[in-house]
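Contents: one structure, followed by commentary.
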Amino acid sequence: METVRVGSVEEFEPLPARKVVEIGGEEVGVFRLEDGFYAWRNNCPHQGGPVCQGRIYNRVLETLDAGRRSLGRRYDEERVNIVCPWHGLEYDIRTGRHPGNDGMALEPVAVQVQNGEVYVSL
Amino acid sequence: MDAAIRTASAMPVQEMGTETDTRDYLAHARAHARKAGYADWTIVDIDAHHVETVHWHEIIDYIEDPVLRHQATMYQKERIGAPPYGLNGDLGLRYQDVGGRIPHQSSRREKVDEPGVHLDVALTRRAMEALCVDYMVLFPTPMLFIGMHPQPEMEAVLSNAYNRWLAENVLSAEDGILSLAVLPFNSPDAACRTVEEFGANPNVIGFTVTSTRYKPVHSNEYMRLYRMIEETGKPIAFHAGYHWQDPSLATCNSFLGMHSLGFVWCNLVHMTNWVLNGIPERFPKLNSLWVESGLSWVPFLMQRLDDQYLMRQSEAPLLTKMPSDYMRESCFYTCQPLEKSSEVGLRATLEMINAETQLLYASDWPHFDFDAPRVIYDIPFLTEDQKRNILGRNAARLFNLPSKAGARKAA
Ligand code: FES
């Protein structure tokens, strides 16, 4: 396993921030949210698309009232998804999981911060 | 941390958008093609799209009627805040990119600096290179709804102008950019003229009925058209689409629901009428191709029609065998969007339609549910020979296309 520097913490601003890098033919997306860094292989389990190079959207929820009537949709303030640009599959940046199918998940990459620098290990 | 540690290189594209070059957007497809060794495979993409309205100002020049042509010119020149001249459309077109999540569906505004090359040729070549395909059949996009035009004569005017514009400016045997000419199906005589005009054009490899329409395909008024198409030796294609104003589909409140049903519904109805009225018996050499409805509807309809037919044969007296026999012998299918969430279901589907000879690859690029060739390549239970048939050989046989695996693919 090799550890590679991705960049300084300051490069990951404003939040949510992301840097997609190439390391010896492997592509990795490194994301920074308020609570820390997350890294995933840039390879969508759907059809192999460049998932980490997609747009970032908050998860969408639907609100029901006490009578179970729909009051429409809203964004979840906490949960942030990366959207694969090929067909739009979304994955929670923290868990790597598809919000509607737990079995569909991105492949994690170890990420750490030391002395203001961000590293991934492959 | 060790000072000798390497620094990773940032990818040139950090976030894909509407301005991303097609080759960057599809770089993963290209990498897969290299790994899979597609250089010596013949790959034919039977259904890709361009957005004809980007060039509507060129297309209207091909309108034959001088009064309409003048009207269209004035409209395109002076009118603002309205869709392109003469075109109807569908509300659903606004939702296809899932609110900006799928930028290549919204538009392709990438830089193209190739003097003397038509924009659509340049963009198509890029997609072909990335997907590693030898032939790409181009279909229009908003014109897929033209069968719902309130003026049948306008369907004919615009279809003719589009077919001519495409043939003169975009189609190219050398590049492998081909089309299935759009038939103004609501006007059978005009549709026959389309066949007369393009029947011998080698870049027009068949004829398309845009399926979103309320015309019975077995009506006697179409028999001359089918005879003419059969005589060209080229197939007739039914390209699916949706129609959100259809009273049943209007109950669907999401594009997800409406599109899931709509893109299948039109072809379910047309196929039912096509088979039960014995069109394959009347025109045994006429092949039909069913485009962009996915595949899971086919086993459903085969089983449904077979069961009902046995009880009510007197209502379909032209048939000499089971409806499903016609559906697997004289009908061809494009795979996209391939339903693959159940391996059991997919295996049964491919067996039932006899995919080895009847199934053709289609990308539907650049639409939101496009399929790269690996959707076929990755099917675990197919042999390499079967994959080669589906990705190219079946289409090459159906359309008489020479093998073009060559320089561009090997690069
Ligand atoms: S490959 Fe990522 S959504 Fe399809």
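Below, chains carry the letters A, B, ... as their sequence lines are ordered, and counting in each starts from 1.
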Query raised in the report: Who wins among B:Asp97, B:Asp378, B:Leu26 for the most heavy-atom pairs under 4.5 Å with chain A?
Result: B:Leu26

Requested in this report: Would you sort out whether A:Ile23 and B:Arg6 count as a side chain to side chain contact (heavy atoms under 4.5 Å, CB included), showing the intermediate values?
Outcome: CA-CA 9 Å; A:Ile23 304 161; B:Arg6 284 198 297 155; 3.6 Å; yes

Query raised in the report: Does a side chain donor of either A:Gln47 or B:His28 reach within less than 3.5 Å of an acceptor in the other side chain?
Result: no

**Report entry** side chain to side chain contact (heavy atoms under 4.5 Å, CB included) between B:Met11 and A:Val21, worked out
**Finding:** CA-CA 5 Å; B:Met11 302 274 293; A:Val21 295; 5.5 Å; no

Just wondering, more than 12 heavy atoms not from [X] lying within 6.0 Å of its [atom1]?
{"X": "B:Glu339", "atom1": "CD", "value": "yes"}
{"X": "B:Arg109", "atom1": "CZ", "value": "no"}
{"X": "B:Trp265", "atom1": "CH2", "value": "no"}
{"X": "A:Glu62", "atom1": "CD", "value": "yes"}

Contact origin within [X] toward chain B - heavy atom pairs under 4.5 Å:
{"X": "A:Cys52", "result": "backbone"}
{"X": "A:Val60", "result": "side chain"}
{"X": "A:Glu117", "result": "neither"}

Query raised in the report: For B:Thr7 and A:Val4, what are the C-alpha separation, side-chain angles and deciding distance, and is it a side chain to side chain contact (heavy atoms under 4.5 Å, CB included)?
Result: CA-CA 6 Å; B:Thr7 299; A:Val4 180; 5.7 Å; no

Query - Top of A:Val83, A:Ile56, A:Val20 for chain B proximity - count of heavy-atom pairs under 4.5 angstrom - result: A:Val20

Query raised in the report: Looking at CG of A:Asn81 and CZ of B:Arg101, how far apart are the two atoms once the value is rounded to the nearest 0.5 Å?
Result: 8.5 Å

Report task. Any chance you could measure B:Asp371, atom CG, to A:Trp86, atom CH2, to the nearest 0.5 Å? Result -> 10.5 Å

**Report entry** Side chain / backbone / both / neither for B:Ala31 at chain A, heavy atoms under 4.5 Å
**Finding:** neither

Report task. Please answer whether the main-chain N or O of B:Ala8 pairs with a side-chain N or O of A:Arg5 as donor and acceptor at a distance below 3.5 Å. Result -> no

Query raised in the report: Is B:Tyr25 reaching over with its side chain to a backbone N or O of A:Pro85, donor-acceptor style, under 3.5 angstrom?
Result: yes

Query raised in the report: side chain to side chain contact (heavy atoms under 4.5 Å, CB included) between B:Gln14 and A:Gln53: does it pass, once the steps are laid out?
Result: CA-CA 6 Å; B:Gln14 288 292 301; A:Gln53 290 164 284; over 6 Å; no

Query raised in the report: Quick check, are the ring centers of B:Phe368 and A:His87 under 6.0 angstrom apart?
Result: no

